[in-house]
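Below is one structure, written out as structure tokens, with a few remarks after it.
Both counts, for ligands and for their atoms, begin at 1 and track the order of listing.
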Amino acid sequence: MGGFPLDWLDLRAPQDRKSRSATLAARFAAAVAGAHRPATVLDLGAGAGANALYLAPYLDRRSRWILVDNDPALLQMAQDRAAGVGLAAEILRLDLAADLGSLSLDRAAGVSASALMDLVSGSWFADLAGRCAAARLPLLFVLTYDGRLAFSPADPADGWICDGFNVHQRQDKGFGPALGPSAVSEMARILADFGYRVDFETSDWSVTTEDGDLLREVVDGVADAVLSVRKGDVPRIESWRGRRHAEIADRALSLVIGHADLLALPPV
Ligand SMILES: C[S@@+](CC[C@H](N)C(=O)[O-])C[C@H]1O[C@@H](n2cnc3c(N)ncnc32)[C@H](O)[C@@H]1O
């Protein structure tokens, strides 16, 4: 869960696809189609292209994608995967944290991002929102973590672990202090200030007892994140990790992670 290796993105992709809102995807596609035809959509923090691959069937088949990321290996994979399904996609290597100002919106009919917005800061997001509002672009930001981690069965340390994880989620991920668990409400507030009409749907992950690989990765990611912010509490954190690993091995652990999808439409 730390960083964005391809293995992690591929492990989470099926869960993301199951969880995200088809309704908001369809409404975004309709708004994009109304803006230009054929449409060009920007995918920010595109990774290996999962968001574009999910959204493509909703869009006109002549639509084009600009996949933006700062990781060249992920971008190459995204381009290969897009080509594999006949998607017209170009890649743009850009550090969005440092160089948002150089991102051209000239060709864009819509902007989307998946699993990115809890990493960014409020001021960075306001900058992006202001530029998108000026260009009157529809926006779809999906799978934003909202601060909820609910393990089943519950463990006495869960609340403390979740608090530590959320402290970590607010730390700087390169864009300034991260919005973390407040991302969804802060995005809505900022977008409304720019005149956007904002809708949400929950896109919670429901990770079942049968999803052992994903559960192990999440438990380790959470434990490592808490270790980094509560350095004096190693035994308590490792003991929680050990209990959770034993439950995963017994197919006894399941997990809900709170996420939301957000659609923002410019004023008519
Ligand atoms: C959680 S991953 C999501 C990837 C993809 N959207 C998905 O849903 O599978 C976050 C992505 O943001 C990218 N990213 C993080 N910081 C970035 C930055 N400063 N500039 C550009 N991309 C960045 C990472 O390389 C990674 O691909």
Between the side chains of [X] and [Y], is a donor N or O closer than 3.5 angstrom to an acceptor N or O?
{"X": "Asp118", "Y": "Thr144", "value": "no"}
{"X": "Trp240", "Y": "Asp158", "value": "yes"}
{"X": "Ser185", "Y": "Arg189", "value": "no"}

Using a strict cut-off of 4.0 Å, indicate which atoms of ligand 1 neighbour a heavy atom of [X].
{"X": "Ala50", "value": "9 (O)"}
{"X": "Ala46", "value": "5 (C), 6 (N)"}
{"X": "Leu74", "value": "27 (O)"}
{"X": "Ala97", "value": "19 (N)"}

When you measure from [atom] to each heavy atom in [options], which option holds the nearest one?
{"atom": "atom 5 (C) of ligand 1", "options": "Gly49, Gly45, Ala113, Ala115", "answer": "Gly45"}
{"atom": "atom 25 (O) of ligand 1", "options": "Leu9, Asp95, Asp71, Asp69", "answer": "Asp69"}
{"atom": "atom 21 (C) of ligand 1", "options": "Val68, Leu67, Asn70, Leu116", "answer": "Asn70"}
{"atom": "atom 7 (C) of ligand 1", "options": "Ala13, Ser114, Gly47", "answer": "Ser114"}

Which residue supplies the protein heavy atom nearest to [atom], what is that atom called, and how far is it?
{"atom": "atom 2 (S) of ligand 1", "result": "Phe4 CD2, 3.4 Å"}
{"atom": "atom 20 (N) of ligand 1", "result": "Leu96 N, 2.9 Å"}
{"atom": "atom 16 (N) of ligand 1", "result": "Phe175 CE1, 3.6 Å"}

(message) Against ligand 1, does Leu94 come closer than 4.0 Å with any heavy atom?
(response) yes
(message) Looking at every heavy atom in both Val229 and Gly164, which two are closest together, and how far apart are they?
(response) CG2-O, 3.5 Å
(message) Ring-plane angle category for His259 and Trp205, please: parallel below 30°, perpendicular beyond 60°, tilted otherwise.
(response) tilted
(request) Only counting residues at least two apart or in another chain, list the ones meeting side chain to side chain contact (heavy atoms under 4.5 Å, CB included) with Thr208. (result)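 Partners of Thr208 under the side chain to side chain contact (heavy atoms under 4.5 Å, CB included) test: Glu210, Asp211.
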(request) Write out all pairs satisfying side-chain hydrogen bond (donor to acceptor under 3.5 Å, both in side chains) with one or both partners inside residues 45-56, taking only residues at least two apart or from two chains. (result) Arg20-Asn51, Asp43-Asn51, Asn51-Ser112, Tyr54-Tyr58
(request) Decide yes or no for His245 and Leu253: does some side-chain heavy atom of the first lie under 4.5 Å from some side-chain heavy atom of the second? (result) no
